[in-house]
Amino acid sequence: MRIFVTGATGFIGSAIVPELINAGHQVLGLTRSEAGAKSLMAAGAQVHRGDLNDLESLGKGAAMSDAVIHTAFIHDFSKFQEVSEVDRRVIEALGAALIGSDRPLLVTSGTGLVNNASGRPATEQDAPESSHALPRVSEQAAAAVAEKGVRVGVMRLPQVHNTVKQGLVTYAIELARQKGVSAYVDDGRNRWPAVHVLDAARLYKLALEKLETGARYHAVAEEGVPMRDIAEVIGRGLRVPVISVSSEEAPAHFGWLAAFAGRDLPASGAQTQKRLAWRPTGPGLIADLEQMRYHETEADVVSAAPARAAR
Ligand SMILES: NC(=O)c1ccc[n+]([C@@H]2O[C@H](COP(=O)([O-])OP(=O)(O)OC[C@H]3O[C@@H](n4cnc5c(N)ncnc54)[C@H](OP(=O)(O)O)[C@@H]3O)[C@@H](O)[C@H]2O)c1
């Protein structure tokens with residue numbers, strides 16, 4: 001298939017692209033920049049220059065392709081509502097280009113955007129939920145597109161990691177660096193699920209190839225890593241004290257990250273593993289955080305990233 005990939009230059013997209021190409025697919029990768037275009041060409045992909053705000057161009061990319069994977073997102077959490085609206089319009093535009101065909105569209109969401117107040121791991125059956133604090137509506141947009149007859153499914157991601165980046169944990173590390181303490185909320189027993197980036201990339205390929213309308217996939221290898229364990233490994237890595245902050249103090253300490261920091265977000269990938277015969281092979285989140293080089297400069301990390309991501 002010729003697959004249009006938005007976010008093809010991102011942390012996860014740049015792992016998905018070689019996975020697809022190695023399986024014999026062609027990739028048309030979206031990017032805004034010259035550097036992104038060069039990295040896509042080096043990976044053996046074709047380039048579609050465009051921006052998430054240019055819906056016409058996105059529609060053309062989808063119309064030229066046999067399938068679409070949407071991973072791009074504007075990660076400006078200070079404008080979460082606004083960027084979530086952009087995401088909704090993008091999914092609608094990609095879907096509109098596929099109406100009347102059997103060409104699949106796989107969109108990205110998060111396991112943390114699921115209605116699961118019970119403390120049990122969220123499953124693929126649990127409905128999505130958005131709120132003022134978490135206004136992302138990728139799944140709701142995908143459902144609207146499905147109603148128009150498009151073969152669309154959702155990939156829900158937990159914290160996706162390697163030894164360089166770890167989803168929201170990367171922001172927690174930066175905060176600990178700035179504040180000189182690595183914090184968890186209350187007793188720190190709340191959990192975040194996780195998956196290694198190469199396992200997630202393999203799952204995108206499997207899911208796209210077998211996509212069923214309305215399917216929800218959970219790219220979960222570890223159901224829940226306690227936040228206290230995460231804070232402790234960060235504290236050791238940065239050589240800063242590890243502290244507890246109360247839930248009342250959390251907004252002042254964590255800023256926008258407080259919407260996630262104290263939440264217990266366990267999620268299961270069991271149904272997805274069975275359905276797609278997907279076997280994540282790790283390493284785990286704590287193992288990657290132990291291997292991370294906390295005191296390298298950003299330039300060192302970027303230049304070492306491709307080699308280390310491949311491990
Ligand atoms: N990383 C995680 O642990 C995690 C967890 C849960 C959910 N997710 C979701 O998974 C997806 C991929 O995440 P990621 O960590 O790989 O993201 P990332 O590394 O931040 O990459 C973002 C991608 O989006 C593209 N992008 C950003 N703004 C754009 C714009 N205005 N127009 C066009 N493209 C734009 C970038 O492309 P260019 O800069 O080349 O244009 C880049 O390829 C996102 O939807 C994210 O929210 C990630």
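When a ligand or atom number is given, it counts from 1 through the structure's own listing order. Because the structure is a prediction, the values reported are computed rather than measured.
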Give the atoms of ligand 1, by number and element, whose distance to some non-hydrogen atom of [X] is under 4.0 Å.
| X | result |
| --- | --- |
| Gly10 | 16 (O), 19 (O), 21 (O), 42 (C), 43 (O) |
| Arg136 | 45 (O), 46 (C), 47 (O) |
| Thr108 | 9 (C), 10 (O), 11 (C), 45 (O) |
| Leu157 | 6 (C), 7 (C), 8 (N), 9 (C), 10 (O), 48 (C) |
| Ile74 | 28 (N), 31 (N) |
| Lys165 | 19 (O) |
| Gln159 | 3 (O) |
| Gly167 | 1 (N), 2 (C), 3 (O) |

Side chains of [X] and [Y]: donor-acceptor distance under 3.5 Å anywhere?
| X | Y | value |
| --- | --- | --- |
| Arg2 | Gln46 | yes |
| Tyr204 | Thr71 | no |
| Glu222 | Gln159 | no |
| Ser57 | His48 | yes |
| Asp288 | Thr163 | no |
| Glu19 | His25 | no |
| His70 | Thr6 | yes |

What's the shortest distance from [atom] to any protein heavy atom, and which residue and atom give it?
| atom | value |
| --- | --- |
| atom 22 (C) of ligand 1 | Phe73 O, 4.1 Å |
| atom 37 (O) of ligand 1 | Thr9 OG1, 3.2 Å |
| atom 19 (O) of ligand 1 | Phe11 N, 2.8 Å |
| atom 12 (C) of ligand 1 | Thr71 O, 3.2 Å |
| atom 35 (C) of ligand 1 | Arg32 NE, 3.7 Å |
| atom 1 (N) of ligand 1 | Ile12 CD1, 3.7 Å |
| atom 25 (C) of ligand 1 | Ala72 CB, 3.8 Å |
| atom 31 (N) of ligand 1 | Asp51 OD1, 3.4 Å |

- Check whether any N or O atom of Val160, backbone or side chain, sits under 3.5 Å from an N or O atom of ligand 1, and answer yes or no.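 Between Val160 and ligand 1, an N or O pair is found under 3.5 Å apart.
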- Task: For the pair Arg89 and Glu92, find out whether any cationic side-chain nitrogen is under 4.0 Å from an anionic carboxylate oxygen.
- Result: no
- Query: Quick one: do Arg151 and Asp102 make a salt bridge, cutoff under 4.0 Å?
  - Reply: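 Salt bridge present between Arg151 and Asp102.
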Under-4.0 Å heavy-atom contact with ligand 1, by part of [X] that carries it:
| X | result |
| --- | --- |
| Ser138 | neither |
| Thr31 | both |
| His75 | side chain |
| Gln166 | neither |

- Query: Do the two ring centres, one from Tyr171 and one from Trp256, sit under 6.0 Å apart?
  - Reply: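 Close enough - the centres of the two rings lie under 6.0 Å apart.
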In residues 231-240, what donor-acceptor pairs under 3.5 Å come from side-chain atoms, sequence neighbours left out?
{"residue": "Glu232", "atom": "OE2", "partner": "Arg228", "partner atom": "NE", "Å": "3.1"}

- Options Pro158, Gly110, Ala37, ranked by nearest heavy atom to atom 5 (C) of ligand 1, top entry: Pro158
- Task: Check the angle between the aromatic planes of Phe73 and Phe80 and answer parallel, tilted or perpendicular using the 30° and 60° thresholds.
- Result: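 Judged by the thresholds at 30° and 60°, the geometry between Phe73 and Phe80 is perpendicular.
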- Item | Sequence-distant partners of Phe260, ring pair (Phe, Tyr, Trp, His ring centres under 6.0 Å), two or more places apart | none
